[in-house]
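The sequence lines fix the lettering, A, B, ..., with proteins before strands; numbering per chain opens at 1.
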Amino acid sequence: MTIVLLLAFVLGLAVMAALVAVETTDTLSAVIALGALGFFVSTGFLILCAPDLAITQVVVEVLTLVVLIRATIARGVKTISGGGELFGRALALVALFIVFLVSYEVLKQLPPFGEPAALAAGAGTPSVFYLLHGLERTGAANYVTAIILDFRGYDTLGEATVIFTAVLGATAILRRRAHKRAEEPTRGPFIPRTELEEDSP
Amino acid sequence: MKGMSPIVQTVTRWIRAFIVLFGIYVICYGHISPGGGFAGGVVIACGFILLMLALGREACERRYSIRWAGKLDAVGALAFAAVALLGFAAGLYFQNFLGRGESFQIRSAGSIPLGNFAIGLKVSASLFLVVAVLSVLRVAARRPPATEAVKPAETAETVGPEDVPAAGPEAAEAAAAAGARQVGIAPPRAPVGEDERLPRAWARKRRLPTRRRGLGGRR
């Protein structure tokens, strides 16, 4: 029961931080409130005994916060103009209501709080198999790592590909050479950077 | 970007090794305790990013090469694919091809630690690379107003009084465009102006004496 109360407290704080992030007109405050939201969600994972998720969430949150704050300061965006037209708000309310109904129906299917969801799914399902045979099949004491790197290695390879592609795109767009070429369109044929470097003293 | 105060710089120099060490620990023990390649890689990247924030981008680029970060990123991705392909040695793609060993020891779980190492290398290098490239973009976006203040005054003296830019956003934009055009026409070895306006780390590293440390070095 205390766990439920603690979780409700932390998630309530997270909801408050989310409301602040949405409602404030100052961009920097919104970014900081977003960081607080991530921290509370990470604490919620910790309370639910998911330290893997908590560690990943908190480090990614720190990194994102640093990048967002630097971007906010660099751009000098101070305020966001609030308000919207009536049609947009009505549409948002309808969408919110539909999402609420769907999630209510879906969440009714979950087992009660505290009961292991994997065992409630019944014997023969993959989650039960992972729990029962994970240690002997992989030898890894951390089941999360055993699943993401052994049983579900394809998924992790896909994630690594996603990160690789995202970083590739970001560096291709943001590198200095792209800006220089955008500023001088009539430069002539493409010269690879290596030639330019060997050329310069 | 300039560095922060000496207090922050000193404390950063003290704790950076511990941050990177903790990241390595999280990666190495990923198959025993909570954590893993991704979380540990982000911790290592946060250590380098802290260094970049505290010491400034130039000082950080002198020590750790951005180009090497890109290479390590590719090496990590290829290493993970290689771990997956080496599973064919045991028969299947992604098969655990090493012995499982004794559980709760660091040498256990077969190829899972190898995958953790590969992902940790990849994630740390790529996130450091992204933040470094973002900070470069910020410098490039902020510099034009500085040149715009200098360049119109020089042209105004040579051309005539009617070209003196009036105060206002349109004049400022025109002056910025003129400055950009001048820099664009200039040859690659142009003196200080171009180099300061759009700094090229790889050109600047050649001029400044480097202190080789860690992942740094030229090539």
Side-chain angles (χ1 to χ4, degrees), chain A residues 50-60 62-63 66-67 70-71 73-76 135-142 144-146 148-154 156-157 159-161 163-164 166-168 170-171 173-177 179-180 183-187 191 193 196-197 199-201, chain B residues 26 30-39 42-43 45-46 49 53 70 73-74 76-77 80-81 84 87 94 96 100-104 108-112 115-116 119 122-123 126-127 129-131 133-138 140-142 180-181 183-185 188-189 198-200 202-203 206:
Chain A
D52 276 283
L53 277 179
I55 290 177
T56 308
Q57 170 81 30
V58 81
V59 290
V60 170
V62 165
L63 190 67
V66 167
V67 171
R70 290 216 69 91
I73 293 175
R75 291 287 158 238
L135 189 60
E136 56 177 290
R137 288 295 179 101
T138 67
N142 185 1
V144 178
T145 307
I148 67 171
L149 281 180
D150 197 313
F151 291 123
R152 298 294 174 99
Y154 285 109
T156 312
L157 188 63
E159 282 172 29
T161 313
I163 296 177
F164 190 68
V167 170
L168 204 64
T171 46
I173 292 173
L174 297 178
R175 63 189 171 164
R176 294 189 190 92
R177 182 170 184 80
H179 292 284
K180 297 187 85 164
E183 280 182 5
E184 33 185 315
T186 61
R187 185 175 187 163
I191 306 168
R193 175 183 283 154
L196 278 181
E197 274 194 16
D199 208 28
S200 62
Chain B
V26 168
H31 56 295
I32 300 173
S33 60
F38 188 82
V42 181
V43 169
C46 282
I49 289 162
L53 291 178
D73 182 14
F80 189 62
F94 264 114
N96 205 335
R100 289 185 189 97
E102 192 184 348
S103 292
F104 296 97
S108 68
S111 65
I112 289 180
N116 264 336
I119 290 187
K122 198 208 127 25
V123 169
S126 61
L127 291 182
L129 181 68
V130 163
V131 175
V133 169
L134 273 177
S135 67
V136 168
L137 172 77
R138 182 169 162 270
R142 183 177 270 193
R181 223 180 302 125
V183 170
I185 290 167
R189 289 178 207 191
L198 285 172
R200 297 184 55 187
W202 300 291
R206 199 148 302 176

> Name the region of A:V67, side chain, backbone, both or neither, that has any atom closer than 4.5 Å to a heavy atom of chain B.
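It is the side chain, since no backbone atom gets that close.
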> Tell me which of these, B:V123, B:D73, B:L129, has more heavy-atom pairs under 4.5 Å with chain A than the rest.
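The candidate making the most pairs under 4.5 Å is B:D73.
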> Does any N or O in the side chain of A:T145 come within less than 3.5 Å of the main-chain N or O of B:G30, such that one atom is a donor and the other an acceptor?
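Yes: the side chain of A:T145 pairs with the backbone of B:G30.
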> Using side-chain contact (heavy atoms from CB on, under 4.5 Å) as the criterion, list what pairs up with A:T156, not counting sequence neighbours.
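Counting only residues at least two positions away or on another chain, A:T156 forms a side-chain contact (heavy atoms from CB on, under 4.5 Å) with A:I148, A:L149, B:F80, B:I119.
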> Where do B:L127 and A:L63 land on the side-chain contact (heavy atoms from CB on, under 4.5 Å) test, with the steps shown first?
CA-CA 9 Å; B:L127 291 182; A:L63 190 67; 3.3 Å; yes
> Contact part of B:S33 toward chain A, heavy-atom cut-off under 4.5 Å: side chain, backbone, both or neither?
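It is the backbone, since no side chain atom gets that close.
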> Go through the structure and list residues passing ring pair (Phe, Tyr, Trp, His ring centres under 6.0 Å) with A:F164, not counting sequence neighbours.
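With sequence neighbours excluded, A:F164 shows a ring pair (Phe, Tyr, Trp, His ring centres under 6.0 Å) to no residue whatsoever.
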> When you measure from the side chain of A:D52 to the backbone N and O of B:P34, does any donor-acceptor pair fall under 3.5 Å?
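Judged by distance alone, no pair lies under 3.5 Å.
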> I need the residue from A:V58, A:L53, A:D150, A:L157 with the largest number of non-hydrogen atom pairs under 4.5 Å to chain B.
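Between A:V58, A:L53, A:D150, A:L157, the count favours A:L157.
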> With a 4.5 angstrom heavy-atom cut-off, is it the side chain or the backbone of B:I112 that approaches chain A, or both, or neither?
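Its backbone and side chain both get close to chain A.
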> Which pair of non-hydrogen atoms, one from B:A39 and one from A:T56, has the smallest distance, and what is that distance?
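Smallest heavy-atom distance, with atoms named: CB-OG1, 3.9 Å.
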> With respect to chain B, which residue among A:A160, A:A170, A:A166, A:A54 yields the maximal number of heavy-atom pairs within a distance under 4.5 Å?
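So the answer, after comparing A:A160, A:A170, A:A166, A:A54, is A:A160.
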> I need the minimum non-hydrogen distance between B:G35 and A:N142, along with the two atoms involved.
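Closest pair (atom of B:G35, atom of A:N142, distance): O-ND2, 4.0 Å.
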> Can you tell which part of A:V60 gets under 4.5 Å to a heavy atom of chain B, answering side chain, backbone, both or neither?
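Backbone plus side chain of A:V60, per the 4.5 Å heavy-atom cut-off to chain B.
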